[in-house]
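Have a look at the structure below, then the notes.
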2 protein chains.
Amino acid sequence: MMQPAVESVRSSRVDRLFHALGDANRRRMVSHLAERPASVSELAAVLAISKTAIGQHLAVLEEAKLASSTKLGRVRTCQFDPAGLAPLQDWIDYHRQEWNERLNRLDDLISGIVSNEDCA
Amino acid sequence: MMQPAVESVRSSRVDRLFHALGDANRRRMVSHLAERPASVSELAAVLAISKTAIGQHLAVLEEAKLASSTKLGRVRTCQFDPAGLAPLQDWIDYHRQEWNERLNRLDDLISGIVSNEDCA
DNA sequence: CCCTCAGTGAAGCTTTGACTTCACTAACTT
DNA sequence: AAGTTAGTGAAGTCAAAGCTTCACTGAGGG
């Protein structure tokens, strides 16, 4: 639903993802949907904001592939899509790894120093 | 450095964290710092923005505990703090778990149906 | 058929956020 | 001492983001 005519300004997938989760209300939506699917009205009631606002947040979440929705009759049911979190997890893993490599290089350096001392 | 006089508007730790990573330039800073520490000037050169802007981004990253910095002489050296990613990981894990529980409940339901069919 | 309820599009409001420039301080260099 | 160079504070600009209200469509219920 509510796909923008033009591709979003946010270029990358990761960008859309982090931006989507950067808003507290959208995270609350995700948290709620992670427990059970919900309609727009229900989400509006829970977050205490207008249905219009929910619709806007939903569009952002769907662009980030964190949620999906289908309309049956007049009610739209929104769902959480956990697979959408994958790129986020990848980003974290990547930076954790970078860090570990830094530690490893440090270890090597220290080992070198130690062995030098042993030689002395 | 640059601690705000008043506590940030962003209340929770998770909030600050997601918001900090919601900006592409700040993520680039983190990526760069994950490889090696860098000065403000170096980051400004890499990202092609003013040193002032780097200072502002740095403040946000430090508030989110994703980075730290120390000034030696006139140069400030910035460092990535990987431990700051923990709450982010926790958030993901939590929502993955919620999802799994949903799947389990679904499994139980299906099992119920199946055994009913078996009885029929 | 009329009424209500769920959701949407359009517009506009207000705040936040990401920069910049300018001016200034403090630390090296020569 | 004089000239760079690194970083900062203050202020201002500009666009994006989060909401709201209003008007309207369409589905269901009496």
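By convention in this document, chain letters (A, B, ...) are assigned in the order of the sequence lines, proteins followed by strands, and residues within each chain are numbered from 1.
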Next on the checklist: I'd like to check the side chain to side chain contact (heavy atoms under 4.5 Å, CB included) partners of A/Thr52; sequence neighbours left out, ordered by chain and number.
Outcome noted: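 Side chain to side chain contact (heavy atoms under 4.5 Å, CB included) list for A/Thr52, sorted by chain: A/Ser50, A/Gln56.
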Can you tell me how far [atom2] of [N] sits from [atom1] of [X], to the nearest Å?
X: B/Glu42; N: D/dT5; atom1: CD; atom2: C1'; result: 15 Å
X: B/Arg76; N: D/dT8; atom1: CZ; atom2: C1'; result: 9 Å
X: B/Phe18; N: C/dG17; atom1: CZ; atom2: C1'; result: 19 Å
X: A/Leu61; N: D/dA17; atom1: CG; atom2: C1'; result: 14 Å
X: A/Glu62; N: C/dT8; atom1: CD; atom2: C1'; result: 14 Å
X: A/Lys71; N: C/dG9; atom1: NZ; atom2: C1'; result: 12 Å

Next on the checklist: Can a side-chain donor-acceptor contact be found between B/Ser69 and B/Glu62 if the only test is distance below 3.5 angstrom?
Outcome noted: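 Per modelled atom types, B/Glu62 and B/Ser69 side chains form a pair under 3.5 Å.
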Sequence neighbours excluded and cut-off under 3.5 Å, please list the side-chain donor-acceptor pairs for residues 17-26 of chain B, or say none.
{"unit_1": "B/Asp23", "atom_1": "OD2", "unit_2": "B/Asn25", "atom_2": "N", "d": "3.0"}
{"unit_1": "B/Asp23", "atom_1": "OD2", "unit_2": "B/Arg26", "atom_2": "N", "d": "3.0"}
{"unit_1": "B/Asn25", "atom_1": "OD1", "unit_2": "B/Arg28", "atom_2": "NE", "d": "3.4"}
{"unit_1": "B/Asn25", "atom_1": "OD1", "unit_2": "B/Arg28", "atom_2": "NH2", "d": "3.3"}
{"unit_1": "B/Arg26", "atom_1": "NE", "unit_2": "B/Ala20", "atom_2": "O", "d": "2.8"}
{"unit_1": "B/Arg26", "atom_1": "NH1", "unit_2": "B/His57", "atom_2": "ND1", "d": "3.1"}
{"unit_1": "B/Arg26", "atom_1": "NH2", "unit_2": "B/His19", "atom_2": "O", "d": "3.4"}

Taking N or O atoms only and anything under 3.5 Å, show me the protein contacts with nucleotides 25-29 of chain C, one pair per line.
{"unit_1": "C/dA27", "atom_1": "N3", "unit_2": "B/Arg74", "atom_2": "NH1", "d": "3.3"}

Checklist entry - Any side-chain heavy atom of A/His95 within less than 4.5 Å of one from B/Pro82? => result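 A/His95 does not reach B/Pro82 side chain to side chain.
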Checklist entry - Measuring from A/Ser39:OG to A/Ile54:CD1, what's the distance to the nearest 0.5 Å? => result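 So the gap between those two atoms works out to 9.5 Å.
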Item to check | Spatial distance of atom CG (B/Leu43) from atom CG (B/Leu33) [nearest 0.5 Å] | outcome: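 Taking CG in B/Leu43 and CG in B/Leu33, the distance rounds to 5.0 Å.
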Next on the checklist: For nucleotides 18-23 of chain D, give me one character per nucleotide, 5' to 3': B if any protein heavy atom sits under 4.0 Å from the base, S if the only such contacts are to the sugar-phosphate, - if neither.
Outcome noted: SBBB--
Checklist entry - Is there any salt bridge (charged side-chain N to carboxylate O under 4.0 Å, His left out) pair reaching into residues 42-53 of chain A, and which pairs are they, with sequence neighbours excluded? => result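 Passing the test, one end in residues 42-53 of chain A: A/Arg36-A/Glu42.
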Item to check | Nearest heavy-atom neighbours spanning B/Leu85 and B/Phe80 | outcome: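 Closest approach of B/Leu85 to B/Phe80: CD1-CZ, 3.9 Å.
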